[in-house]
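Only one structure is covered here, and it is reproduced in the block below.
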Number of protein chains: 2
Amino acid sequence: MATTIKDIARKAGVSISTVSLVLNRRGYVADETRERILSIIEEMDYKPLHSARKLATQKTGNIGYILWEGHFSEVEMFYSQVFLGMEYAARKNDYYILLTTVNDHFDPRQDLPRFLQYNDVDGVALAGRVPLDLIHYLDKHAIPFVLVDYEVPGKNYNTIKIDNYNGAFRAVESLIEQGRKYISFVGGTFIHPSIKERYRGYKDALEKHGLLNNSYLETYSYCEDVETSRAIGEKGIKKLLKSRPEIDGVFCCNDTTALGVLSGIQSMGKTIPGDVAVIGFDDIPPAEFSSPKLSTVSVPKLDIGKEAYKLLYERIHNPNIMPQTRTISVDLVIRESSQTKNKP
Amino acid sequence: MATTIKDIARKAGVSISTVSLVLNRRGYVADETRERILSIIEEMDYKPLHSARKLATQKTGNIGYILWEGHFSEVEMFYSQVFLGMEYAARKNDYYILLTTVNDHFDPRQDLPRFLQYNDVDGVALAGRVPLDLIHYLDKHAIPFVLVDYEVPGKNYNTIKIDNYNGAFRAVESLIEQGRKYISFVGGTFIHPSIKERYRGYKDALEKHGLLNNSYLETYSYCEDVETSRAIGEKGIKKLLKSRPEIDGVFCCNDTTALGVLSGIQSMGKTIPGDVAVIGFDDIPPAEFSSPKLSTVSVPKLDIGKEAYKLLYERIHNPNIMPQTRTISVDLVIRESSQTKNKP
DNA sequence: CTGAAAGCGCTTACAG
DNA sequence: CTGAAAGCGCTTACAG
């Protein structure tokens with residue numbers, strides 16, 4: 001019923017091989033023949049059937065996108081945007097992105113995403129923190145994959161990184177330039193390498209400006225070894241503010257935390273940015289709608305997705321290239337929550 | 001390299017036809033033979049290759065999920081959750097859900113999602129408001145589809161609806177029972193049928209309790225003919241409150257709007273729920289983290305996804321069934337923003 | 001209850 | 001530059 005390569009061949013008076021050749025832009029076909037075939041394809045609105053092509057080429061045409069379930073279900077819009085970036089990029093090559101989630105108690109024998117079980121993807125993007133066993137599985141089975149915003153210490157995998165260090169450094173420096181002296185860090189678990197890097201940027205900026213005396217870090221940081229949330233932000237800053245009312249700036253490990261910090265500060269009767277300035281990281285959509293609007297380090301999520309796709313694509317079509325890391329740069333966006341101290 | 005049906009057949013000493021029969025649980029196969037084949041399949045960890053199976057059966061094994069781009073990029077977590085529900089359900093039948101977006105200026109000749117161009121899906125779920133031309137395309141090409149949280153007046157398509165009317169009715173009734181007398185409606189465009197229904201529920205609840213005098217609706221409602229956002233919520237309630245300071249309750253067309261309403265009320269120096277109570281609709285994640293925590297009508301997003309999948313699945317495997325509408329019921333969740341008036 | 005054979009719609013050496 | 005043929009890994013009538 002749907003038109004097939006045979007219909008095209010018949011109508012063009014050539015063999016299906018020839019049609020296939022022009023379809024795949026390979027081999028030599030007389031210009032005149034090619035034109036004729038092309039116009040017939042156009043005219044009959046012929047589209048090659050994917051499953052047939054896949055069977056013949058032994059490629060799947062699919063790329064998997066695996067996300068820890070918590071990241072998808074929660075307020076976290078971050079990785080959905082990254083996904084969207086991949087989807088955009090994949091359109092050009094007619095790849096499909098299959099999105100699925102894994103959860104914490106991951107057992108490769110039980111919980112393997114079905115597209116992995118059925119060998120139904122040519123490669124996989126892993127978004128954020130994912131189970132190590134999953135990474136090992138991919139590694140062992142030589143399935144091309146790329147880590148997005150995550151890394152495994154001591155291992156050299158294909159990865160897309162965010163420039164966490166410099167983003168954090170610049171954010172904290174801007175607080176210092178505004179005249180802030182007592183700058184807190186509020187964050188979640190350091191299992192996530194991004195958070196660790198942001199903390200490092202925070203520390204180094206303080207050091208560069210000579211603020212980092214003996215017990216600064218212990219005094220002004222609040223980190224809890226759990227996933228980030230508004231809740232820990234709110235809790236953290238309240239605790240800090242109670243013992244250290246002189247705090248006049250906060251750099252948060254991400255926007256989710258920062259949103260909690262905002263409420264925390266306000267609930268203690270302090271003004272933002274009058275009394276204390278706040279900067280987050282990520283630039284998730286709610287950051288624009290908070291009150292005051294959140295200053296943050298903006299991460300180009302769509303670009304990350306695109307880059308992840310590109311790297312994966314190259315890797316799939318050239319399995320011999322060495323694993324590489326690409327770093328995506330970020331931008332400091334000053335909104336309302338971190339204006340200069342003297343003009344609130 | 002990967003093990004195929006031939007390997008299994010050889011090892012079991014049968015033909016590939018027989019293996020195929022047990023794989024598909026059809027036809028008669030001697031129990032003893034079946035057992036043997038099954039255990040060999042297990043042992044060799046054999047998985048049939050999807051593309052081969054698809055070629056043979058002329059099915060794609062894919063379902064499309066189409067979302068208006070705005071809904072995906074914005075704060076809107078709603079339809080991502082619905083997607084997740086579909087994905088969960090699809091795992092059981094080894095269907096893949098292909099998620100893509102369309103945008104506003106949709107031209108079926110240009111902007112058709114690639115899985116539609118290539119006939120690569122057995123059916124499609126349309127989430128929320130989508131271009132009419134897209135619906136017409138699917139209808140014309142007899143591609144099974146289901147509308148999720150959307151409907152086309154005068155047309156009888158497969159659809160999953162939210163019980164918007166009753167949810168709204170109950171929410172408003174709860175405000176009335178708390179002693180609220182001047183209850184506003186703040187909302188966005190009525191192009192979205194859900195919002196229209198919620199408004200109807202609001203109106204009927206007022207009427208039932210005899211509150212609906214002549215100009216109540218004109219006086220206390222604020223609706224703007226745009227997509228909902230925090231911004232319109234904030235703007236709307238401020239405007240209403242300025243002319244009508246007696247307002248003591250607000251029912252919002254959704255949580256996004258309600259979040260803006262919360263800020264609006266607070267920025268005018270009024271307390272929630274002391275001075276005015278607020279109820280939203282949807283129960284998106286941020287509703288739990290606002291201050292005060294938002295009372296809302298909770299919509300089971302994962303269930304909606306599951307139900308959409310089921311309906312689509314049935315429709316695909318039995319094209320003759322009549323289009324049907326399934327309504328998902330909702331739950332009123334009272335949190336902090338709508339406590340009783342006398343005990344704030 | 002089971003096997004031989006045709007077919008699904010492509011691609012890709014291999015001849016010519 | 002082009003065609004005939006084999007093959008990708010399955011399913012499905014059809015015999016037996």
Side-chain angles (χ1 to χ4, degrees), chain A residues 1-38 40-41 44-62 93-94 115 117-122 317, chain B residues 1-38 40-41 44-62 93-96 115 117-122 317:
Chain A
M1 14 183 270
T3 107
T4 74
I5 198 171
K6 273 190 201 157
D7 302 320
I8 304 296
R10 191 177 315 121
K11 188 141 184 180
V14 297
S15 74
I16 62 167
S17 318
T18 307
V19 177
S20 178
L21 288 182
V22 348
L23 235 31
N24 295 291
R25 298 175 192 72
R26 51 159 60 220
Y28 291 87
V29 178
D31 283 350
E32 187 261 335
T33 315
R34 175 195 316 282
E35 295 307 326
R36 185 154 37 91
I37 292 176
L38 244 21
I40 291 176
I41 286 177
M44 300 186 70
D45 192 33
Y46 164 69
K47 309 281 182 187
L49 189 73
H50 269 185
S51 49
R53 178 175 268 182
K54 289 169 185 173
L55 219 207
T57 58
Q58 300 286 80
K59 294 256 173 201
T60 71
N62 297 326
N93 305 297
D94 288 332
F115 55 64
Q117 283 185 47
Y118 289 98
N119 269 122
D120 241 353
V121 290
D122 297 337
H317 293 86
Chain B
M1 14 184 273
T3 106
T4 75
I5 198 172
K6 272 189 201 156
D7 303 320
I8 304 297
R10 191 177 316 121
K11 188 138 182 184
V14 297
S15 73
I16 62 166
S17 320
T18 306
V19 176
S20 178
L21 289 182
V22 346
L23 236 31
N24 296 290
R25 300 175 192 69
R26 50 161 57 222
Y28 291 87
V29 178
D31 284 351
E32 186 261 336
T33 316
R34 175 194 317 280
E35 295 307 326
R36 185 154 38 92
I37 293 175
L38 245 22
I40 290 174
I41 287 177
M44 301 185 70
D45 192 31
Y46 164 69
K47 309 281 182 187
L49 189 72
H50 269 185
S51 49
R53 177 176 270 182
K54 288 170 186 173
L55 219 209
T57 57
Q58 300 287 79
K59 293 260 172 197
T60 71
N62 297 326
N93 306 297
D94 289 332
Y95 259 92
Y96 294 124
F115 54 65
Q117 284 185 47
Y118 289 99
N119 269 122
D120 241 353
V121 290
D122 298 337
H317 293 85

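Convention: sequence-line order gives letters A, B, ...; per-chain numbering from 1. Values reported hereafter were calculated over all heavy atoms of this structure, with side chains retained and with hydrogens, waters and symmetry mates removed.
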Separation of [N] [atom2] from [X] [atom1] (nearest whole Å):
{"X": "B:Asp120", "N": "C:dG9", "atom1": "CG", "atom2": "C1'", "answer": "13 Å"}
{"X": "B:Lys59", "N": "D:dT12", "atom1": "NZ", "atom2": "C1'", "answer": "15 Å"}
{"X": "A:Lys54", "N": "D:dG7", "atom1": "NZ", "atom2": "C1'", "answer": "19 Å"}
{"X": "A:Ile5", "N": "C:dC10", "atom1": "CD1", "atom2": "P", "answer": "6 Å"}
{"X": "A:Tyr118", "N": "D:dG9", "atom1": "OH", "atom2": "P", "answer": "18 Å"}
{"X": "B:Leu23", "N": "D:dT12", "atom1": "CG", "atom2": "P", "answer": "11 Å"}
{"X": "A:Arg10", "N": "C:dG9", "atom1": "CZ", "atom2": "P", "answer": "12 Å"}
{"X": "A:Asp7", "N": "C:dC10", "atom1": "CG", "atom2": "C1'", "answer": "13 Å"}

N/O contacts under 3.5 Å, protein versus nucleotides 3-5 of chain D?
residue: D:dG3; atom: OP2; partner: A:Ser15; partner atom: N; Å: 2.9
residue: D:dG3; atom: OP2; partner: A:Ser15; partner atom: OG; Å: 3.3
residue: D:dG3; atom: OP2; partner: A:Thr18; partner atom: OG1; Å: 2.9
residue: D:dA4; atom: N7; partner: A:Ser17; partner atom: OG; Å: 3.4
residue: D:dA4; atom: N6; partner: A:Ser17; partner atom: OG; Å: 2.6

Closest to the [X] side chain: [options]?
{"X": "A:Gln58", "options": "D:dT11, C:dT11, D:dC8", "answer": "D:dC8"}
{"X": "B:Thr33", "options": "C:dC10, D:dG9, C:dT2", "answer": "C:dT2"}
{"X": "B:Thr57", "options": "D:dT12, C:dT12, C:dC8", "answer": "D:dT12"}
{"X": "A:Leu49", "options": "D:dG9, C:dG9, C:dT2", "answer": "C:dG9"}

Classify the side-chain pair B:Asp122/B:Thr60 by whether it contains a donor and acceptor separated by less than 3.5 Å.
-> yes
Would you say a side-chain N or O of A:Ser51 is under 4.0 Å from OP1 or OP2 of C:dG9?
-> no
Sequence neighbours excluded, which residues qualify as side-chain hydrogen bond (donor to acceptor under 3.5 Å, both in side chains) partners of [X]?
{"X": "A:Asn62", "result": "none"}
{"X": "B:Asp94", "result": "A:Tyr118"}
{"X": "B:Thr33", "result": "none"}
{"X": "B:Tyr46", "result": "none"}

Looking for any heavy atom pair under 4.0 Å, which part of the strands does A:Thr4 touch: base, sugar-phosphate only, or nothing?
-> sugar-phosphate
Partners passing side-chain contact (heavy atoms from CB on, under 4.5 Å) against [X] (at least two apart in sequence or in another chain):
{"X": "A:Ile16", "answer": "A:Ile5, A:Lys6, A:Ala9"}
{"X": "A:Glu35", "answer": "none"}
{"X": "B:Ala56", "answer": "none"}

To the nearest 0.5 Å, how far apart are OG1 in A:Thr18 and CD1 in A:Ile8?
-> 13.0 Å
Take B:Ala52 and B:Glu32, find for each the nucleotide of DNA chain C with the closest heavy atom, and name the residue whose nucleotide sits nearer the 5' end.
-> B:Glu32
Could you provide the dot-bracket string of DNA chain D, using ( ) for intrastrand pairs, [ ] for crossing pairs and | for bases paired to another strand, with Watson-Crick or G-U pairs below 3.5 Å?
-> |||.||||||||.|||
Non-hydrogen atoms of A:Leu23 and A:Arg53 that approach each other most closely | CG-NH2, 4.0 Å
